[in-house]
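Everything quoted here is computed from the prediction, not taken from an experiment.
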Amino acid sequence: MTYPIRPIDESEWPVYFPVLEEAFGWTPHPQQRERFKAETEFDRTLAAFDGDVIVGTTAVLSLTMTVPGGRLPVAGVTSVSVLPSHRRRGILSALMRRQLADIRERGESVAALYASETVIYGRYGYGRASHELSFHINKAGSAFVKNAPVDPSLRIRVATPAAVRADLERVFASVATRRPGRYDRQPHAWDAVLADEEFDQRGNGPLRSVLAEDDGGVRGYALFRIKGGWEANGLPAGELKLQELEATDPAAYALLWRNVLDRDLVSKIEAGSRPVDDPLIALIADQRQLRAGWADDLWVRVVEVDKALAARAYSAPVDVVIEVEDDVCPWNAGRWRLTADPTGAECKQVEDEPDVTLPVAALGSAYLGDGLLVESLEAGLLREHSSGSVRALATAMSWNPKPWCGLVF
């Protein structure tokens with residue numbers, strides 16, 4: 001059977017969205033449905049049909065994302081689903097291939113997504129490109145190192161998050177350009193970040209915020225919830241759930257963390273989705289108290305090899321011929337000479353003998369600056385034809401700070 005694929009219009013939303021609910025086992029509140037609809041770009045949706053019935057979906061959000069050395073338009077892939085009744089019929093493959101062709105036609109050379117199941121997207125050329133940590137901190141062991149930065153001009157202000165939204169947006173916009181993987185937040189994204197209905201709270205209390213500011217303005221913020229609690233002996237056992245902490249400079253960053261860690265009647269702090277090189281790791285004196293869990297963050301797909309590789313910056317000189325294997329986007333398959341140094345890059349198709357042969361997913365993994373090229377070589381997943389070429393490519397593509405997105409789309 002064939003399953004026609006096309007974008008939907010807004011009138012078809014009532015039959016499109018239930019496919020997502022069924023595929024993800026999700027029963028959102030009606031307000032959550034409306035939020036999801038508000039962020040949907042209907043001309044960038046795709047639906048697969050069995051007759052008149054939608055049986056598969058996917059969509060793209062038009063993002064502006066930080067990459068090493070600059071910012072790019074990136075296709076933010078989301079809403080990927082197939083009804084359980086129609087699995088293993090090639091519907092997902094057809095949707096993903098059509099979507100990648102549409103992304104290329106639109107002129108975007110890179111796509112990114114959050115993977116609901118990590119075994120799926122490597123089949124379509126996506127590579128695990130960034131990672132995140134979740135911290136679990138006991139307040140009693142959270143002292144900072146003695147030389148932690150302090151700025152006497154800074155002060156903490158408690159504020160209602162919605163009332164200081166403009167300040168939060170300004171701070172975020174100023175820091176989002178510093179780290180690969182971060183993207184500009186449109187109003188609907190901020191609506192979701194600051195959402196505070198009872199179903200958003202999930203029993204963890206209302207959203208709270210503190211600002212770090214001086215006479216010149218706000219230099220950072222923290223968003224969090226506090227779940228109150230007491231032990232049987234009367235000792236406080238509250239849990240602080242950190243949602244976001246952003247700052248423009250180290251002193252504001254340290255002050256915000258100190259305020260979060262020193263909250264009265266709180267014994268534990270949980271901070272989900274933090275970068276793997278979070279400066280907090282260096283600030284905590286007893287680093288064993290900073291228990292961390294690891295997870296994947298963004299997955300990246302190089303849609304057009306030459307444009308994508310030429311659009312980012314490089315940390316070291318490299319001149320290498322890469323043979324790319326790509327059976328989903330055949331226009332990428334072939335040999336490409338990447339010549340780059342910290343001043344610029346050029347990538348063009350050649351017929352020269354390759355220095356390294358790799359699947360396109362490996363390039364996606366490395367694209368934001370934290371790939372596993374050397375590890376993949378050691379695992380036998382890449383083929384190196386010229387000694388040292390993989391290490392040279394990995395060094396050139398590496399970047400600091402490490403990539404991290406921090407907000408699911």
Here the gap from Asp370 atom CG to Leu372 atom CG, rounded to the nearest 0.5 Å, amounts to 7.0 Å
Indicate whether the side chain of Thr66 and that of Arg71 have a donor and an acceptor atom separated by less than 3.5 Å. yes
Taking the six-membered ring for Trp, are Tyr367 and Trp299 closer than 6.0 Å centroid to centroid? no
Examine the side chains of Glu346 and Thr339 and answer whether a donor and an acceptor come within less than 3.5 Å of each other. no
Give a yes-or-no answer on whether the side chains of Gln289 and Asp286 include a donor-acceptor pair shorter than 3.5 Å. yes
Taking everything shown except Glu117 itself, do over 12 heavy atoms lie less than 6.0 Å from its CD? no
CG-OG distance between Leu194 and Ser209, expressed to the nearest 0.5 angstrom: 8.5 Å
Hey, are the side chains of Glu384 and Asp355 touching, using non-hydrogen atoms and a 4.5 Å cut-off? no
Between CG on residue Leu92 and CD1 on residue Ile120, distance to nearest 0.5 Å: 6.5 Å
Report yes or no: do Thr248 and Ser174 form a side-chain donor-acceptor pair below 3.5 Å? no
Ring centroid separation Phe49 to Tyr3 under 6.0 Å: no
Side chains of Ser62 and Arg44, donor plus acceptor under 3.5 Å: yes
Examine the side chains of Glu323 and Thr357 and answer whether a donor and an acceptor come within less than 3.5 Å of each other. yes
Do Arg301 and Tyr124 form a cation-pi contact, if we require the NZ or CZ to be under 6.0 Å from the six-membered ring centre and within 45 degrees of the ring's axis? no
Aromatic plane relationship, Phe199 with His29 - under 30° parallel, 30 to 60° tilted, over 60° perpendicular: parallel
Arg258-Ser142 side chain donor-acceptor pair, cut-off 3.5 Å: yes
From CA spacing to verdict: salt bridge (Lys or Arg N to Asp or Glu O under 4.0 Å), Arg35, Asp200: CA-CA 12 Å; Arg35 291 176 196 165; Asp200 297 306; 2.9 Å; yes
Hey, are Asp297 and Tyr114 close enough side-chain-wise for a donor-acceptor pair under 3.5 Å? yes
